[in-house]
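What follows is a short report on a single structure.
Keep in mind that the numbers below use all heavy atoms, side chains included, and drop hydrogens, waters and symmetry copies. Because the structure is predicted, anything quoted here is derived from the model rather than measured.
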Amino acid sequence: MLKKRIIPCLDIKDGTTVKGINFESLRNAGNPIDLAKKYENEGADELVFLDITATIEERKTFVELVKNIAKELSIPFTVGGGISSVEDVRKLLEAGADKISINSSAVKNPQLISDLAKEFGSQCIVVAIDTKFVEHQDWVFVKGGRERTDLKTLDWAKKVEKLGAGEILLTSMDGDGTKNGFGLRITKLISESVNIPVIASGGAGKIEDFENVFNQTKATGALAASIFHFNEMRIDDLKNELKNRKIAIR
């Protein structure tokens, strides 16, 4: 059985870490490199850095920041935001990223998933899916959660696996930043419907939320931001408590 991973996420805007609620009302959470080092010291298994305005502003992820992060970290990290070509990915991997995450660009051009998997290997291609329950259905949203697509979340998850994605980062927009718990229903549905790892994201607020997502779904990782950024919970304390509750944690 795959041991479960705890993954802090740093949303980057203008070089600073920010955090919002339901993808809005952003507030400053600190220097991304300082936070990354702190999380590695506390025992984070991986980190995710998302340049949250890159797609909207149609500019490329800040490659220099990735280089600086790579110098400081020894754990794997994923980078996303504004990635739309093989060349973008090559630059980020050369800068030191271990994996890349694509979202809006994959929806716009699904062939990109296959092209990237063929060029760099599925293991470093993460497809991020932002999902929201609207009118009795789970829909995929793009552009930082601003735009609803005509893709049903389950159909899209199965498709990205077929196209060569190595992992899915599934964010429940209904839970994002609320600290009311992960979207267990949608996470369970998706993680049981694909054969690639699924990281649950959106809504972590307490230890029980991590316990529930690992016990009630097949998610192999849980991603969180606010509770780590604002010192509500240390990663080592969280992992120790989950081990006490008989959850196989890395």
Out of Thr131, Asp138, Asp130, which residue meets the side chain to side chain donor-acceptor pair (under 3.5 Å) rule with Thr153? Thr131
Just jot down the side chain to side chain donor-acceptor pair (under 3.5 Å) partners of Lys118, sequence neighbours excluded, or say none. none
CG of Asn41 to CD1 of Ile235: how many Å apart, nearest 0.5 Å? 10.0 Å
Residues forming a side chain to side chain donor-acceptor pair (under 3.5 Å) with Lys67, sequence neighbours excluded: Glu64
Just by distance, with hydrogens left out, do Thr171 and Ser201 show a side-chain donor and acceptor under 3.5 Å apart? yes
All pairs passing salt bridge (charged side-chain N to carboxylate O under 4.0 Å, His left out) where residues 73-87 contributes a residue, at least two apart: Glu87-Arg90
Could you walk me through whether Lys206 and Glu241 pass salt bridge (charged side-chain N to carboxylate O under 4.0 Å, His left out), step by step? CA-CA 11 Å; Lys206 53 192 183 301; Glu241 187 52 44; over 6 Å; no
Could you please spell out the steps behind the side chain to side chain contact (heavy atoms under 4.5 Å, CB included) verdict for Thr16 and Asn31? CA-CA 6 Å; Thr16 296; Asn31 179 296; over 6 Å; no
Please enumerate all residues that pass side-chain contact (heavy atoms from CB on, under 4.5 Å) together with Asn240, with sequence neighbours excluded. none
Across all chains, not counting sequence neighbours, the side chain to side chain donor-acceptor pair (under 3.5 Å) partners of Arg250 are none
What one should report as the nearest heavy-atom pair of Lys179 and Gly205 is CB-CA, 3.6 Å
Determine yes or no for a side-chain-to-main-chain donor-acceptor pair under 3.5 angstrom, with Asp51 supplying the side chain and Lys13 the backbone. no
Suppose we screen for ring-ring contact (aromatic ring centres under 6.0 Å, His included). Which residues come up paired with Phe49, at least two apart in sequence or across chains? Phe77
Under a 4.5 Å side-chain heavy-atom rule over Ile, Leu, Val, Met, Phe, Trp and Tyr, are Leu73 and Val63 clustered together? yes
Mark yes or no for whether Ser122, through its side chain, and Gly164, through its backbone, hold a donor-acceptor pair below 3.5 Å. yes
Going by salt bridge (charged side-chain N to carboxylate O under 4.0 Å, His left out), name the pairs with one or both residues in residues 188-200, residues two or more places apart or in two chains. Lys188-Glu192
Polar side-chain atom of His229 near backbone of Cys9 as donor-acceptor pair, under 3.5 Å: yes
Side chain to side chain contact (heavy atoms under 4.5 Å, CB included) between Ile207 and Met233, worked out: CA-CA 9 Å; Ile207 288 165; Met233 193 184 295; 4.0 Å; yes
How long is the gap from CD1 on Ile247 to NZ on Lys3, to the nearest 0.5 Å? 13.0 Å
How long is the gap from OG1 on Thr17 to CD1 on Ile12, to the nearest 0.5 Å? 4.0 Å
Counting distance only, does the side-chain N/O of Asp88 pair as donor-acceptor with the main-chain N or O of Ser85 below 3.5 Å? yes
Return yes if some donor-acceptor pair links the side-chain N/O of Glu161 with the main-chain N/O of Val194 below 3.5 Å, else return no. no
Do Asp115 and Gln111 come within less than 4.5 Å of each other through their side chains, counting heavy atoms only? yes
Show the numbers, then the answer: is there a side chain to side chain contact (heavy atoms under 4.5 Å, CB included) between Ile100 and Leu116? CA-CA 10 Å; Ile100 60 95; Leu116 295 177; 4.1 Å; yes
With the threshold set at 4.0 Å, does a side-chain nitrogen-carboxylate oxygen contact exist between Glu42 and Lys239? no
Under 3.5 Å, side chain of Trp139 to main-chain N/O of Thr149, donor-acceptor pair present? no
Leu238 vs Phe228 side-chain heavy atoms within contact, under 4.5 Å: yes
Qualifying ring pair (Phe, Tyr, Trp, His ring centres under 6.0 Å) pairs, either residue in residues 188-222, two or more places apart: Phe182-Phe210
Over all heavy atoms of both residues, which pair between Pro76 and Asp98 is shortest? Give the atoms and the distance, please. CA-OD2, 3.2 Å
Side chains of Asn103 and Ile129 in contact at under 4.5 Å (non-hydrogen atoms): no
Tell me, do Leu151 and Asp155 make a side-chain contact under 4.5 Å, heavy atoms counted? no
Spacing of CG belonging to Leu10 relative to CG belonging to Leu35, to within rounding of 0.5 Å: 5.5 Å
Which heavy-atom pair separates Cys124 from Leu93 by the least distance, and what is that distance? SG-CD1, 4.1 Å
Using side chain to side chain donor-acceptor pair (under 3.5 Å) as the criterion, list what pairs up with Thr220, not counting sequence neighbours. Arg5
Straight-line distance of Ile199 CD1 to Thr187 OG1, nearest 0.5 Å: 11.5 Å
Heavy-atom nearest pair, Ile196 first then Glu167, reads CD1-N, 3.9 Å
Under the side-chain contact (heavy atoms from CB on, under 4.5 Å) test, residues paired with Lys162 that sit two or more places apart: none
Any heavy-atom pair between the side chains of Asp34 and Lys38 that's under 4.5 Å? no
Output every pair passing ring pair (Phe, Tyr, Trp, His ring centres under 6.0 Å) with a member in residues 107-132, not counting sequence neighbours, ordered by first then second residue. none
Any side-chain to backbone donor/acceptor pair from Ser101 onto Gly80? Under 3.5 Å, distance only. no
Take Met173 and Phe141, measure what side chain to side chain contact (heavy atoms under 4.5 Å, CB included) needs, and give me the verdict at the end. CA-CA 9 Å; Met173 289 176 60; Phe141 279 67; 3.6 Å; yes
Ile190 to Ala157 - nearest heavy-atom pair and separation: CG2-CB, 3.8 Å
I'd like to know if the side chain of Ser172 and the backbone of Gly202 have a donor-acceptor N/O pair within less than 3.5 Å. no
Under 3.5 Å: donor-acceptor pair, side chain of Glu40, backbone of Ile75: yes
With a 4.5 Å limit on heavy-atom distance, are the side chains of Thr78 and Leu47 in contact? no
Could you give me the CA-CA distance, side-chain angles and deciding distance for Ser226 and Glu232, then say whether side-chain hydrogen bond (donor to acceptor under 3.5 Å, both in side chains) is met? CA-CA 8 Å; Ser226 313; Glu232 291 162 41; over 6 Å; no
When clusters are formed by joining ILVMFWY residues with side-chain heavy atoms under 4.5 Å apart, either directly or through shared neighbours, do Leu189 and Phe133 land in the same one? no
Applying side-chain contact (heavy atoms from CB on, under 4.5 Å) to Asp237 and not counting sequence neighbours gives Arg234
Are Leu65 and Ile33 close enough that some pair of their side-chain heavy atoms sits under 4.5 Å apart? yes
Rounded distance (nearest 0.5 Å) linking atom CG of Leu163 with atom OG of Ser114: 4.0 Å
Please tell me if the side chains of Glu211 and Leu242 come closer than 4.5 Å, counting only heavy atoms from C-beta onward. yes
